[in-house]
Amino acid sequence: MAHFAKLGTGNIVERVEVVSNDIATTEQAGVDFLNNLYKSRDVWKQTSYNNNIRKNFAGIGFTYDQTRDAFIPPKPYPSWILNENTCRWKAPVDYPETYTQNLTDEQGNPAKDRYYWNENKVNWELI
């Protein structure tokens, strides 16, 4: 199945539709099908669950960046930085890998501590 993102104002994704591969033999064929179906002239861009095209699978609220030919998720915090290779947001401080809380996973193995992002301190804090 092929997936297509409908773009609205500012190239923001408004919805994602599925089209049979038999119909969407090309991106343009899928776009034409959707515009005929909805009797519209909307802007649609193909997206991929496998991230084979356009870096990320489009979701509602994502932005399509024409220069990067990529779908970019909403920025979670003002301090976060866009990774140009993945077009995903990254905290300016790496997520800590500590084991101070004595957590275990389902199999009883040691599990990493859990943190949340504190935008005021621009840092990770233990939960």
Side-chain angles (χ1 to χ4, degrees):
M1 302 303 274
H3 296 82
F4 290 82
K6 178 184 172 189
L7 305 182
T9 304
N11 283 340
I12 305 296
V13 175
E14 295 180 345
R15 66 192 295 174
V16 178
E17 294 285 343
V18 179
V19 178
S20 168
N21 288 333
D22 295 335
I23 294 169
T25 55
T26 65
E27 181 170 15
Q28 190 59 53
V31 169
D32 292 343
F33 171 79
L34 289 165
N35 280 328
N36 287 332
L37 178 68
Y38 292 112
K39 298 177 182 15
S40 67
R41 293 176 33 195
D42 294 322
V43 177
W44 296 87
K45 292 288 181 182
Q46 192 167 4
T47 185
S48 167
Y49 266 123
N50 301 324
N51 303 329
N52 292 332
I53 57 172
R54 303 202 166 102
K55 306 279 186 182
N56 299 298
F57 183 76
I60 294 172
F62 281 46
T63 301
Y64 173 69
D65 185 305
Q66 205 166 0
T67 303
R68 295 177 178 95
D69 190 29
F71 289 106
I72 300 173
K75 190 173 187 176
Y77 299 98
S79 65
W80 286 33
I81 303 155
L82 186 66
N83 177 316
E84 291 291 337
N85 293 323
T86 64
C87 286
R88 293 186 187 140
W89 298 103
K90 183 180 179 330
V93 176
D94 288 336
Y95 191 89
E97 292 191 29
T98 60
Y99 294 86
T100 62
Q101 294 177 309
N102 297 319
L103 302 173
T104 56
D105 64 16
E106 295 82 23
Q107 289 80 36
N109 300 313
K112 295 177 188 173
D113 293 335
R114 296 183 189 141
Y115 291 84
Y116 73 94
W117 181 254
N118 183 328
E119 183 65 12
N120 292 327
K121 294 181 180 179
V122 190
N123 210 344
W124 297 100
E125 293 200 357
L126 278 169
I127 292 177

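Along the sequence shown, residues carry numbers from 1. This is a predicted model, so every value here is computed, not measured.
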Taking every non-hydrogen atom, the tightest pair across [X] and [Y]:
X    : Y    : value
G8   : E14  : CA-OE2, 3.3 Å
N118 : N120 : OD1-N, 2.9 Å
Y99  : A111 : CD2-O, 3.3 Å

In sequence, state the C-alpha distance, the side-chain angles, and the governing distance for Y77 and V122, and then conclude on side-chain contact (heavy atoms from CB on, under 4.5 Å). CA-CA 9 Å; Y77 299 98; V122 190; over 6 Å; no
If you group Ile, Leu, Val, Met, Phe, Trp and Tyr by side-chain heavy-atom gaps below 4.5 Å, do [X] and [Y] land in one group?
X    : Y    : value
F57  : I72  : no
F71  : V16  : yes
I53  : V43  : no
L7   : Y38  : no
I127 : L103 : no

Does the side-chain contact (heavy atoms from CB on, under 4.5 Å) test come out yes or no for E119 and S79, once each step is laid out? CA-CA 7 Å; E119 183 65 12; S79 65; 2.8 Å; yes
Output the distance between atom [atom1] ([X]) and atom [atom2] ([Y]), rounded to the nearest 0.5 Å.
X    : Y    : atom1 : atom2 : result
D113 : L126 : CG    : CG    : 5.5 Å
Y95  : K90  : OH    : NZ    : 13.0 Å
K75  : T63  : NZ    : OG1   : 12.0 Å

Heavy-atom donor-acceptor pair, [X] side chain to [Y] backbone, under 3.5 Å:
X    : Y    : value
Y64  : R54  : no
N50  : N52  : no
N56  : C87  : yes
K55  : N85  : yes
Q101 : R114 : yes

Neighbour count above 12 (heavy atom, 6.0 Å) for [X] [atom1]:
X    : atom1 : result
R88  : CZ    : yes
K112 : NZ    : no
E125 : CD    : yes

Side chains of [X] and [Y]: closer than 4.5 Å at any heavy-atom pair?
X    : Y    : answer
L37  : V19  : no
W80  : P92  : yes
W124 : Y116 : no
P76  : W117 : no
R15  : W44  : yes
M1   : Y49  : no
F4   : V18  : no
K45  : E27  : yes

Practice prompt. Decide side-chain contact (heavy atoms from CB on, under 4.5 Å) for H3 and T47; before the verdict, give the C-alpha distance in whole Å, the side-chain angles of both, and the deciding distance to 0.1 Å.
Written response: CA-CA 5 Å; H3 296 82; T47 185; 3.7 Å; yes
| request: Show your reasoning for whether side-chain contact (heavy atoms from CB on, under 4.5 Å) applies to L34 and D42. | output: CA-CA 9 Å; L34 289 165; D42 294 322; over 6 Å; no
